[in-house]
Amino acid sequence: MNIIEKTDDEILAIAHPMWDDLVKFSNNSNYGAFTRNFSENFLRGANEIEMGKQFARSELTKGLNKGAEYLGMIRRGEYVTVLYKQTNKKKEGEYLGRLVLGYEADVVKIFGATIF
């Protein structure tokens with residue numbers, strides 16, 4: 001199965017709750033819940049120590065506002081990238097959120113997630 005074959009609405013029905021969970025668990029510094037939908041490859045590539053430090057020190061990752069604004073999506077290969085405009089309670093300005101989704105063992109998983 002290839003995620004790029006899904007309609008925009010089908011993809012967004014999956015992506016929006018996943019992004020909302022990332023925001024919620026990032027704000028709560030809950031690493032286990034934050035990574036629960038990550039693909040095995042993404043988990044292997046993530047440096048747990050660095051991620052833990054980011055949770056502990058970063059105002060950006062601990063002060064995200066709920067209700068990010070959907071900007072668009074890009075389909076490429078076996079993945080779709082969903083883009084969000086994200087704001088923060090403590091840091092002024094707007095940030096770009098990026099969520100990369102694809103299938104792993106017939107389940108949609110997160111293959112990348114960043115905010116900058």
Side-chain angles (χ1 to χ4, degrees):
M1 184 170 262
N2 192 329
I3 194 162
I4 67 170
E5 296 168 2
K6 290 190 171 294
T7 67
D8 286 5
D9 288 339
E10 289 172 324
I11 292 169
L12 294 176
I14 297 166
H16 290 341
M18 283 187 170
W19 186 260
D20 291 345
D21 279 351
L22 290 176
V23 167
K24 174 183 173 182
F25 297 128
S26 182
N27 284 341
N28 294 336
S29 300
N30 186 337
Y31 179 78
F34 181 79
T35 60
R36 73 177 178 201
N37 289 315
F38 284 12
S39 70
E40 288 298 319
N41 284 339
F42 191 42
L43 277 173
R44 272 188 244 124
N47 181 326
E48 270 190 71
I49 294 170
E50 286 305 311
M51 228 178 207
K53 287 179 187 175
Q54 183 179 27
F55 272 109
R57 295 187 300 210
S58 174
E59 280 187 31
L60 177 59
T61 60
K62 290 195 298 186
L64 300 172
N65 286 316
K66 294 179 184 178
E69 181 183 335
Y70 166 70
L71 297 174
M73 73 176 69
I74 300 167
R75 290 172 164 81
R76 181 177 45 243
E78 297 179 7
Y79 305 98
V80 63
T81 299
V82 183
L83 302 171
Y84 293 96
K85 184 191 306 183
Q86 181 70 56
T87 57
N88 188 285
K89 297 170 192 154
K90 301 173 185 174
K91 295 181 72 75
E92 194 173 323
E94 300 170 334
Y95 299 86
L96 179 64
R98 176 183 143 271
L99 181 65
V100 181
L101 302 176
Y103 277 98
E104 179 179 78
D106 296 326
V107 177
V108 176
K109 292 288 188 172
I110 297 171
F111 285 80
T114 53
I115 188 162
F116 48 99

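Just so it is clear, the structure is predicted and the values come from calculations on it, not from any experiment. Below, all heavy atoms of this structure are taken into account, side chains as well, without hydrogens, waters or symmetry copies.
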S.K.: Which residue is it: Trp19, Tyr95, Phe116? I am looking for the one with a ring-ring contact (aromatic ring centres under 6.0 Å, His included) to Tyr84.
M.R.: Trp19
S.K.: How many angstroms lie between CD1 in Ile110 and CG in Asn41, if you round to the nearest 0.5 Å?
M.R.: 14.0 Å
S.K.: Hey, could you give me the NZ/NZ distance between Lys91 and Lys62, rounded to the nearest 0.5 Å?
M.R.: 12.0 Å
S.K.: Atom CG of Asn65 and atom NZ of Lys90: how far apart are they, to the nearest 0.5 Å?
M.R.: 11.0 Å
S.K.: Using 0.5 Å steps for rounding, measure from the NZ atom of Lys109 to the CZ atom of Arg36.
M.R.: 10.0 Å
S.K.: A side-chain contact here means heavy atoms from C-beta on lying under 4.5 Å apart; do Leu64 and Ile115 qualify?
M.R.: yes
S.K.: Counting N and O atoms only, with roles assigned by atom type, does the side chain of Thr61 sit under 3.5 Å from a partner on the main chain of Ser26, one being a donor and the other an acceptor?
M.R.: no
S.K.: For the residue pair Arg75 and Lys6, what are the closest heavy atoms and their distance?
M.R.: NH2-O, 2.7 Å
S.K.: Could you pull out the closest heavy-atom pair between Gly93 and Thr87, with the gap in Å?
M.R.: O-CG2, 4.0 Å
S.K.: If only atom types and distance count, is the side chain of Asn30 paired as donor or acceptor with the main-chain N or O of Phe25 below 3.5 Å?
M.R.: no
S.K.: The criterion is side-chain contact (heavy atoms from CB on, under 4.5 Å); which residues satisfy it with Ile74, sequence neighbours excluded?
M.R.: Arg76, Thr81, Leu83
S.K.: Any side-chain to backbone donor/acceptor pair from Glu78 onto Ile3? Under 3.5 Å, distance only.
M.R.: no
S.K.: With a 3.5 Å distance limit and no angle check, can you tell me whether Thr35 reaches the backbone of Phe38 through a side-chain donor-acceptor pair?
M.R.: no
S.K.: If the test is side-chain contact (heavy atoms from CB on, under 4.5 Å), which one of Ile14, Ile11, Val108 qualifies with Val80?
M.R.: Ile11
S.K.: To the nearest 0.5 angstrom, please state how far the CG atom of Asn37 sits from the CD atom of Glu104.
M.R.: 11.0 Å
S.K.: Cluster partners of Tyr79, using ILVMFWY side-chain heavy atoms under 4.5 angstrom, listed by chain and number?
M.R.: Val100, Phe111
S.K.: Identify the two heavy atoms, one from Ala113 and one from Leu22, that lie closest to each other, and give their separation to 0.1 Å.
M.R.: CB-CD1, 3.9 Å
S.K.: What's the spacing between Phe34 CZ and Asn27 CG if we round to 0.5 Å?
M.R.: 10.0 Å
